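First comes the structure, then the notes that go with it.
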There are 2 protein chains.
Amino acid sequence: MNNITSNHYNLDKCNNCPVRDLSFCNALDNSALEEFSALSKTKSFQDGQLIFSEGKTNEYLGSVVQGIVKIYKLLDDGRQQIVSLGFPGDMLGNIIDPEYNYFAESVGDTKICFYQVARINSFAESNPEIYRSILSKTTEQLGHAREWLLLLGRKTAQEKIASFLLLLAEHHKGDSPDQAFKIPLKRQEIADFLGLTIETVSRHFSNLKSKQLIREYAGHMLAIVDYDQLKALA
Amino acid sequence: MNNITSNHYNLDKCNNCPVRDLSFCNALDNSALEEFSALSKTKSFQDGQLIFSEGKTNEYLGSVVQGIVKIYKLLDDGRQQIVSLGFPGDMLGNIIDPEYNYFAESVGDTKICFYQVARINSFAESNPEIYRSILSKTTEQLGHAREWLLLLGRKTAQEKIASFLLLLAEHHKGDSPDQAFKIPLKRQEIADFLGLTIETVSRHFSNLKSKQLIREYAGHMLAIVDYDQLKALA
DNA sequence: GGGTGAAATTGACATAAATCAAATGGCGCA
DNA sequence: TGCGCCATTTGATTTATGTCAATTTCACCC
């Protein structure tokens with residue numbers, strides 16, 4: 001990420017820039033959006049690929065175009081906590097801090113659209129409303145983080161799992177109600193997102209299956225059988 | 001808070017507005033700061049007093065002037081998680097969401113400076129840099145929230161307590177190194193901040209005391225005896 | 001100074017989740 | 001088809017933290 005401009009990353013000029021469809025830029029009018037989009041470059045990442053690291057110079061602001069990105073923190077002994085999942089449309093990083101404070105890694109294959117922080121700032125001189133857009137995204141992320149504080153600090157393992165499944169379901173609302181979807185995270189990642197161990201995650205999945213609240217098939221396809229009852233557990 | 005403009009709250013016009021000294025407005029030049037400050041009103045709160053509630057219309061953005069404010073979320077059955085502590089200089093609330101998403105309550109006696117969100121927005125028409133200031137504060141809060149996600153999700157009770165004490169110590173750096181300070185939170189509040197029970201908090205305080213890493217006296221005065229060892233536990 | 005009530009501590013015990021260890025399942029690939 | 005590698009599940013056991021119940025401490029006030 002810190003050498004995103006170097007050739008071996010093979011960046012594409014982002015012509016029909018994805019930000020157009022993202023609330024990210026909802027404060028910009030069409031011509032400003034055009035101009036801003038021209039500053040972006042998209043890049044593809046494979047499953048498990050590192051996107052940026054804690055401590056590295058914060059040169060780029062990203063926007064998830066496709067796939068899911070996990071943002072996580074590490075303790076010295078390797079304990080890991082995922083602090084955010086970036087879905088399409090979500091902002092990645094910030095334009096304030098001099099360094100990244102997190103690790104970001106691709107969950108499955110992803111496409112991410114990057115903007116140089118420096119360019120955003122100079123663009124903002126004539127289009128200051130860009131800051132309000134970014135503020136809006138950041139406020140949203142703060143809300144999610146605090147929701148998760150409640151989950152991590154006060155919910156039981158079962159409640160955590162139920163909340164997580166409902167969160168995933170939220171992101172498939174468009175598809176069609178009660179539609180099955182693929183669980184994008186491995187059990188270990190779910191554990192690192194919920195502050196649990198892999199075994200506890202597995203056991204509670206089994207519980208929910210035996211209670212017929214969910215159904216899992218064909219690898220990792222998940223169907224929520226009884227949405228209301230699941231919600232009651234969350 | 002939703003009737004902050006009504007008489008019985010007895011608001012003072014904030015003449016020498018505290019925001020002047022807060023990074024909150026660091027993007028504003030002097031005359032703009034003057035103008036902005038004139039929009040503010042300070043209000044005092046007593047220990048335990050509710051400042052705003054989840055679900056109420058978000059009409060005001062606050063800035064903590066004096067004392068500490070706890071921001072928390074509740075589950076239906078009363079389980080509580082403090083998601084943020086607001087120290088002097090910290091922003092309270094946001095200018096994006098239509099409603100408050102949290103409860104805010106005074107920890108000890110506090111003074112808070114309020115701005116109407118609507119006025120901030122109209123002020124921003126001629127001073128758009130205000131958005132960058134608020135973005136900066138919000139990004140900082142997001143960083144703290146995510147740091148706490150790591151704590152809640154992955155740290156042991158002992159590590160949580162140690163981290164908490166170091167956090168408090170951070171806010172007394174100015175006073176003088178190794179200076180004792182008053183623990184502003186009750187045990188129950190500490191528990192609700194760390195995702196623990198009051199008994200676990202108490203036991204680990206006792207542990208740390210018997211290990212001579214900290215000393216507590218005269219009610220709730222705390223002295224960190226061995227800073228480095230405490231840090232090693234965090 | 002003694003009484004009152006809230007807050008904090010301490011003890012005994014229960015339990016949810018972690019840990020350790022095996023077994024099973026799924027999938028690419030020779 | 002079967003081997004090998006992960007990921008996942010399941011089981012047995014331990015442990016950190018929660019729960020329930022006294023007891024102690026402390027601030028406040030008459």
Side-chain angles (χ1 to χ4, degrees), chain A residues 46-48 70 75 77-81 105 107-109 151-165 182-211 214-222 233-234, chain B residues 46-48 70 75 77-81 105 107-109 151-165 182-211 214-222 233-234:
Chain A
Q46 301 176 322
D47 185 32
K70 66 175 177 186
L75 290 173
D77 60 3
R79 279 175 287 173
Q80 178 172 146
Q81 178 65 45
E105 198 181 300
V107 175
D109 296 345
L151 177 141
L152 290 179
R154 291 304 187 199
K155 289 190 181 177
T156 64
Q158 187 176 64
E159 290 169 327
K160 287 175 175 181
I161 300 281
S163 299
F164 170 69
L165 293 177
K182 184 176 177 303
I183 300 180
L185 307 188
K186 297 198 223 303
R187 291 289 189 266
Q188 182 61 60
E189 293 172 316
I190 298 174
D192 288 337
F193 192 34
L194 301 180
L196 299 170
T197 60
I198 186 177
E199 294 94 335
T200 299
V201 171
S202 183
R203 275 184 243 277
H204 283 279
F205 264 91
S206 298
N207 277 350
L208 293 175
K209 281 182 228 165
S210 72
K211 285 199 214 160
I214 63 173
R215 208 158 46 83
E216 224 184 348
Y217 60 95
H220 298 100
M221 291 301 292
L222 181 103
L233 294 185
Chain B
Q46 301 177 321
D47 184 33
K70 66 175 177 186
L75 290 173
D77 60 3
R79 279 175 287 174
Q80 178 171 147
Q81 179 64 47
E105 198 181 301
V107 175
D109 296 345
L151 177 140
L152 291 178
R154 290 305 186 197
K155 289 190 182 178
T156 64
Q158 188 176 63
E159 291 170 326
K160 287 175 175 181
I161 300 283
S163 299
F164 170 68
L165 293 177
K182 185 175 176 304
I183 300 180
L185 306 189
K186 297 197 222 305
R187 292 291 189 264
Q188 183 61 61
E189 292 173 317
I190 298 174
D192 288 338
F193 193 32
L194 301 180
L196 298 171
T197 59
I198 186 176
E199 294 94 336
T200 299
V201 170
S202 184
R203 275 184 243 277
H204 283 279
F205 263 90
S206 299
N207 278 348
L208 292 175
K209 281 181 229 166
S210 71
K211 285 198 214 160
I214 62 173
R215 208 158 47 82
E216 222 182 349
Y217 60 94
H220 298 100
M221 291 301 293
L222 181 103
L233 294 184

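Within every chain, numbering begins at 1; the chains are lettered A, B, ... in the order of the sequence lines, protein sequences first and strands thereafter. The figures here come from the full heavy-atom set of this structure, side chains too, leaving out hydrogens, waters and symmetry mates. Not measured: the values here are computed from a predicted model.
- In this structure, the side chains of B:F205 and B:I214 come closer than 4.5 Å at one or more pairs of heavy atoms.
- Computed from coordinates, the B:I214 CD1 to C:dA8 C1' distance equals 14 Å when rounded to whole Å.
- Side chain of A:R154 to backbone of B:Q80: a donor-acceptor contact under 3.5 angstrom is found.
- Contacts with DNA chain D (heavy atom under 4.0 Å) in residues 198-208 of chain B: B:E199, B:T200, B:R203, B:H204, listed by number.
- Taking the side chain as every heavy atom from C-beta outward, B:K160 and B:F193 never approach each other to under 4.5 Å.
- Boundaries of the chain A contact region on DNA chain D are D:dA7 to D:dA12, first to last in 5' to 3' order (nucleotide atom under 4.0 Å from a heavy atom).
- Contacts of B:K209 with the nucleic acid, taken as non-hydrogen atoms under 4.0 Å apart, involve only primed sugar atoms and P, OP1 or OP2.
- Side-chain contact check for A:S202 and A:E199: no donor-acceptor pair (N or O, by modelled atom type) lies under 3.5 Å.
- Contact check, B:K186 against C:dA6: no side-chain N or O comes under 4.0 Å of OP1 or OP2.
- In this structure, B:Q188 atom CD and C:dA6 atom C1' are separated by 13 Å, rounded to whole Å.
- Each end of the helix from C:dG1-D:dC30 to C:dA30-D:dT1 gets its own axis from five base pairs, and the two axes differ in direction by 30°, given to 10 degrees.
- Protein atom CZ of A:R187 is 15 Å distant from nucleotide atom P of C:dA18, rounded to whole Å.
- Atoms CE and CD, from B:M221 and B:E216 in turn, are 10.5 Å apart once rounded to the nearest 0.5 Å.
- Using a 4.5 Å heavy-atom threshold, the side chains of B:L185 and B:F164 count as touching.
- When the C1' atom of C:dG26 is taken as reference, atom NE2 of A:H220 falls 9 Å away, rounded to whole Å.
- Ion pair B:R79/A:E159 flagged as a salt bridge, since at least one NZ, NE, NH1 or NH2 atom sits closer than 4.0 Å to an Asp/Glu carboxylate oxygen.
- Interatomic distance, B:E105 CD to B:D47 CG, rounded to the nearest 0.5 Å: 8.0 Å.
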Side chain to side chain contact (heavy atoms under 4.5 Å, CB included) between B:E189 and B:K70, worked out
CA-CA 9 Å; B:E189 292 173 317; B:K70 66 175 177 186; 3.0 Å; yes
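- Rounding to whole angstrom units, CG of residue B:D192 and P of C:dA7 are separated by 13 Å.
- Within the 3.5 Å criterion, the main-chain N or O of A:D192 finds a donor-acceptor partner in the side chain of A:Q81.
- Residue A:Q80 contributes atom CD, which lies 15 Å from atom P of C:dA18 at whole-angstrom precision.
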Please assess A:I190 against A:L196 for the test side chain to side chain contact (heavy atoms under 4.5 Å, CB included), listing each intermediate value before the final yes or no.
CA-CA 8 Å; A:I190 298 174; A:L196 299 170; over 6 Å; no
